[in-house]
Amino acid sequence: MRSHFKILAARCAAAACFALTGHAAMAVDGVVLIDQNKALAGNVTPGDTPGFPVTITQAGSYRLSGNLTVPDANTSAIVIAADVVGVTIDLNGFAIVGPTVCSGFPLTCSPSGTGNGVFTAGARAGTVRNGTVVGMGGTGVSMGGAGSSVENVTATSNGGHGIYVALGTATHNRVIKNRLNGVLASNALITHTFASQNAGAGIGGNDSLFTQNTLVVNGGVGIAASNSAFLSNQFSSNNGGAANPQFNGRNAIGPNGCDGSTCP
């Protein structure tokens with residue numbers, strides 16, 4: 001029996017096995033792993049009940065080890081509790097999947113609902129990166145808190161906005177075929193984002209800086225900016241919804257391209 005355990009231990013070390021703590025699987029680098037089975041079992045963090053949403057009540061790093069699929073359009077996948085600061089969620093190339101399908105142009109989405117892919121319940125900093133959020137009834141990723149960040153995320157076919165970020169940064173994201181805006185920003189930096197075929201604006205927001213984004217064939221304007229919003233080095237083409245169908249409410253601080261030429 002002792003030799004049997006030694007063999008298993010050796011195999012485990014060779015395969016970089018995970019240590020288990022309750023229902024939460026901890027990777028060798030201290031990151032908490034989340035997959036469908038762990039979400040359904042609960043106790044990913046203390047107070048997390050079985051099923052969705054997975055409620056994160058502790059600061060730290062979390063990583064998907066498989067896709068998460070929510071049961072309906074009104075259910076969120078991951079919620080960061082209101083009093084928690086310093087959560088990083090690495091989607092790790094996997095997807096958060098809901099039942100909403102957006103198709104056609106003009107875009108229609110069904111069913112819509114209130115469920116979000118990742119949602120911060122309070123104005124707390126957090127990071128979401130490296131994966132896909134598709135088919136949520138509400139917004140794909142909603143992060144509101146000073147220092148929040150959404151990076152390298154594809155948000156598509158969601159019943160609300162693709163991404164919402166306040167007091168933070170959204171960079172190198174793709175937002176496609178969402179029922180509202182591709183990105184909605186407030187006091188944020190939105191950069192290197194590709195927005196296409198969203199029913200609303202490619203990017204909408206206020207008191208923000210938009211730079212080096214590509215906005216193509218959205219139902220609304222390319223960027224709908226308000227208050228002290230500044231645009232620099234955008235490319236926008238074939239968007240609709242205004243007399244000047246690429247940008248509105250903006251303060252241009254750099255060269256921006258509209259339909260193949262410099263924007264007026």
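Both backbone and side-chain heavy atoms feed into the values below; hydrogens, waters and symmetry mates do not.
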Look at the side chain of [X] and the backbone N and O of [Y], then say whether any donor-acceptor pair between them is shorter than 3.5 Å.
{"X": "Ser196", "Y": "Val216", "value": "yes"}
{"X": "Asn181", "Y": "Gly202", "value": "no"}
{"X": "Ser208", "Y": "Asn187", "value": "yes"}
{"X": "Asn233", "Y": "Gln212", "value": "no"}
{"X": "Asn173", "Y": "Ile163", "value": "no"}
{"X": "Ser148", "Y": "Gly168", "value": "no"}
{"X": "Gln36", "Y": "Thr69", "value": "yes"}
{"X": "Thr120", "Y": "Gly144", "value": "yes"}
{"X": "Asn74", "Y": "Gly113", "value": "no"}
{"X": "Asn116", "Y": "Ser76", "value": "no"}

Of the non-hydrogen atoms in [X] and [Y], which two are nearest, and what is the gap between them?
{"X": "Gly222", "Y": "Ser236", "answer": "CA-OG, 3.8 Å"}
{"X": "Ala185", "Y": "Phe210", "answer": "CB-CE2, 4.2 Å"}
{"X": "Val87", "Y": "Gln58", "answer": "CG2-O, 3.8 Å"}
{"X": "Cys102", "Y": "Ser157", "answer": "N-OG, 2.8 Å"}
{"X": "Pro53", "Y": "Ile78", "answer": "CB-N, 4.5 Å"}
{"X": "Ala224", "Y": "Ala201", "answer": "CB-CB, 4.0 Å"}

Say whether [X] and [Y] are linked into one hydrophobic cluster, either directly or through other cluster members, by side-chain heavy-atom distances under 4.5 angstrom.
{"X": "Phe94", "Y": "Val128", "answer": "yes"}
{"X": "Val165", "Y": "Val85", "answer": "no"}
{"X": "Val217", "Y": "Phe194", "answer": "yes"}
{"X": "Leu40", "Y": "Ile96", "answer": "yes"}
{"X": "Tyr62", "Y": "Val133", "answer": "yes"}

*Identified side chain to side chain contact (heavy atoms under 4.5 Å, CB included) counterpart of Thr55 within the set Val84, Val44, Asp48*: Asp48
*State which residue, out of Asp90, Leu91, Thr171, fulfils the side chain to side chain contact (heavy atoms under 4.5 Å, CB included) condition with Arg129.*
Asp90
Taking C-beta and beyond as the side chain, do [X] and [Y] meet within less than 4.5 Å on heavy atoms?
{"X": "Leu189", "Y": "Thr211", "answer": "yes"}
{"X": "Val54", "Y": "Lys38", "answer": "no"}
{"X": "Met136", "Y": "Val70", "answer": "yes"}
{"X": "Ile89", "Y": "Ile80", "answer": "yes"}
{"X": "Leu68", "Y": "Phe52", "answer": "yes"}
{"X": "Met143", "Y": "Val118", "answer": "yes"}
{"X": "Asn213", "Y": "Val183", "answer": "no"}
{"X": "Val101", "Y": "Cys109", "answer": "no"}

_Between Thr75 and Asp72: side-chain donor-acceptor atoms closer than 3.5 Å_ = yes
*All pairs passing disulfide (SG to SG under 2.5 Å) where residues 45-98 contributes a residue, at least two apart*: none
*In Å and rounded to the nearest 0.5 Å, what is the CD1 to CG distance from Ile203 to Asn198?*
9.5 Å
*What's the spacing between Asp207 CG and Leu209 CG if we round to 0.5 Å?*
12.0 Å
*Trace of the side-chain contact (heavy atoms from CB on, under 4.5 Å) decision for Leu107 with Lys177*: CA-CA 7 Å; Leu107 196 70; Lys177 289 188 176 181; 4.1 Å; yes
*Between Val221 and Asn239, is a side-chain contact (heavy atoms from CB on, under 4.5 Å) present by the stated rule, with each step listed?*
CA-CA 5 Å; Val221 296; Asn239 301 289; 5.6 Å; no
_Set of side-chain hydrogen bond (donor to acceptor under 3.5 Å, both in side chains) partners for Asn158, sequence neighbours left out_ = Asn178
*Does any pair with a residue in residues 154-187 pass ring pair (Phe, Tyr, Trp, His ring centres under 6.0 Å), and if so which ones, sequence neighbours excluded?*
His172-His192
